[in-house]
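Fair warning: this is a prediction, and the values are worked out from it, not measured in the lab.
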Amino acid sequence: MRTKRLLAAAAATLLAVGLAGCAASSPDVAGVPAIDPMAGGEFASSSDSMAEQGSGLVDGNRTAEVGETRSIVSSASVALTVQNARNAADDVAALAKRLGGSVSSQSISGDGGTARTGEVAIRVPAERLDEAIADLGKLGDVTADSRSAEDVTEVHVDLTARVAALESSVARLTDLMAGAATTSELIEAESALSARQQELDGLRAQLESLEGQVEQASIWVSLSEQSPLPGGGPHSFWDALQAGVASIGSFVVGAFVGLGFALPWLALLAIVVAAILIPLRRRRRRARSAQAPEKPLSTNAAESVAEEHTS
């Protein structure tokens, strides 16, 4: 009876030692590391690993995705010579709206006395870029045009992967914050979630901007009016008359401006001339007075002098 008890005790001891050895040598179960709920940085490290795993998954399929679809940013510029720049700018804006696009910016410079020029920037769907260029050519004489295309597929795929990984990370952190047992865990989860959400919002904005550039092409249109004169000038008699009247005012203003600019120099010149001429005049007067002969006495004066001597 005593021998059976000893054998049972020995078997129990060996079993306990074996279990302890297994627990010490295999801290992970099914490849998932054990997480200490009180360890610092739990939420940030778990979200980082999820982001890295998400990026790795997409990186593995990057070549296949790039081969299927391409992300191209298209742009073009057109220079037109038109009869009326303002009317042509309105036509360009109407063309963009008709094709499903929009006007980014528009400016007209010049007055009735000179040929006007204009700059219009529009955006149209990328698939209708050729149609837009053809329609712009109908608004005037095309003097210059250019096109460009930039492949941003790699950037688009990378941003998409990072956004997806961060979305998963934010969802995981939200669940961890909901199950936080202590105040410190809750504060740590909120801090990590705020940082991840801010990064996610920034990447989403970049992705939306890039996708907008891919979906819609940009066109810069330069407008210039052709003058009937070889060197440029008014387009009609009325424009020439207005330019002439305006030139009178410009001449008067320019004359006053020139006079105001010249007055200080004229005053300085007058002082210099006076400083030179005044001494010269004084010297000439002294020289003349020294060289002039004595005038003879008149007859009456001589007789009066003789009488004084005889008396």
### Query
Stepwise, does the side chain to side chain contact (heavy atoms under 4.5 Å, CB included) test hold for I72 with E150?
CA-CA 6 Å; I72 306 297; E150 181 182 2; over 6 Å; no
### Task
Output, in order, the C-alpha distance, side-chain angles, deciding distance and verdict of side chain to side chain contact (heavy atoms under 4.5 Å, CB included) for D141 and L80.
CA-CA 5 Å; D141 297 331; L80 299 174; over 6 Å; no
### Task
Carefully, step by step, assess S109 and T117 under the rule side-chain hydrogen bond (donor to acceptor under 3.5 Å, both in side chains).
CA-CA 5 Å; S109 60; T117 59; 2.7 Å; yes
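T143 and T81 share no donor-acceptor pair across their side chains, judged by distance under 3.5 Å alone. Under 3.5 Å, the side chains of S146 and S77 contain a donor-acceptor pair of N or O atoms. When only modelled atom types and interatomic distance are considered, S148 and S75 share a side-chain donor-acceptor pair under 3.5 Å.
Here the side chains of I133 and R147 are in contact, with some heavy-atom distance below 4.5 Å. M177 places a side-chain heavy atom less than 4.5 Å from the side chain of L193. Residues L166 and E199 are in side-chain contact: their nearest non-hydrogen atoms beyond the backbone lie under 4.5 Å apart. You'll find the side chain of V124 stays beyond 4.5 Å of the side chain of Q216, heavy atoms only. Looking at heavy atoms from C-beta onward, R116 lies in side-chain contact with I108 at the 4.5 angstrom threshold. Residues L207 and H156 meet the side-chain proximity criterion, which asks for heavy atoms closer than 4.5 Å. Residues L159 and L203 form a side-chain contact, since some pair of their non-hydrogen atoms from C-beta on lies under 4.5 Å apart. Residues V221 and E119 are not in side-chain contact: their nearest non-hydrogen atoms beyond the backbone lie 4.5 Å or more apart.
Note: T183 OG1 to I187 CD1 = 6.5 Å, rounded to the nearest 0.5 Å. Separation of atoms OG (S222) and CG (D145) is listed at 11.5 Å; rounding is to 0.5 Å. Within the model, atoms OG of S105 and CZ of R123 stand 11.5 Å from one another, a figure rounded to the nearest 0.5 Å. To the nearest 0.5 Å, the span separating CG on L95 from NZ on K138 amounts to 9.5 Å. Note that CD of Q206 is 11.5 Å distant from CG of D201, once rounded to the nearest 0.5 Å.
Under 4.0 Å is where a charged nitrogen must lie from a carboxylate oxygen, and between E167 and R204 at least one such pair does.
When all heavy atoms of A132 and I219 are compared, the pair lying nearest together is CB-CD1, 3.8 Å. Closest approach of V120 to A89, counting heavy atoms only: CG2-CB, 3.9 Å. Looking at every heavy atom in both residues, L200 comes nearest to V163 through CD1-O, 3.7 Å. Contact between G137 and V142 at its shortest, heavy atoms only, is CA-CG2, 3.7 Å. Contact detail for S71 and D151: the closest heavy-atom pair is O-OD1, 3.2 Å. Across every non-hydrogen atom of A76 and L129, the tightest pair is CB-CD1, 4.3 Å.
In the hydrophobic clustering of this structure, V273 does not group with W265; members are Ile, Leu, Val, Met, Phe, Trp, Tyr whose side-chain heavy atoms approach within less than 4.5 Å, directly or through other members.
Under the side-chain contact (heavy atoms from CB on, under 4.5 Å) test applied with V92, the options I122, V82, N87 reduce to a single match, I122.
T174 contributes a side-chain N or O that, together with a main-chain N or O of V170, makes up a donor-acceptor pair within less than 3.5 Å.
Applying the salt bridge (charged side-chain N to carboxylate O under 4.0 Å, His left out) definition to pairs two or more places apart or across chains, those involving residues 81-104 are R98-D135.
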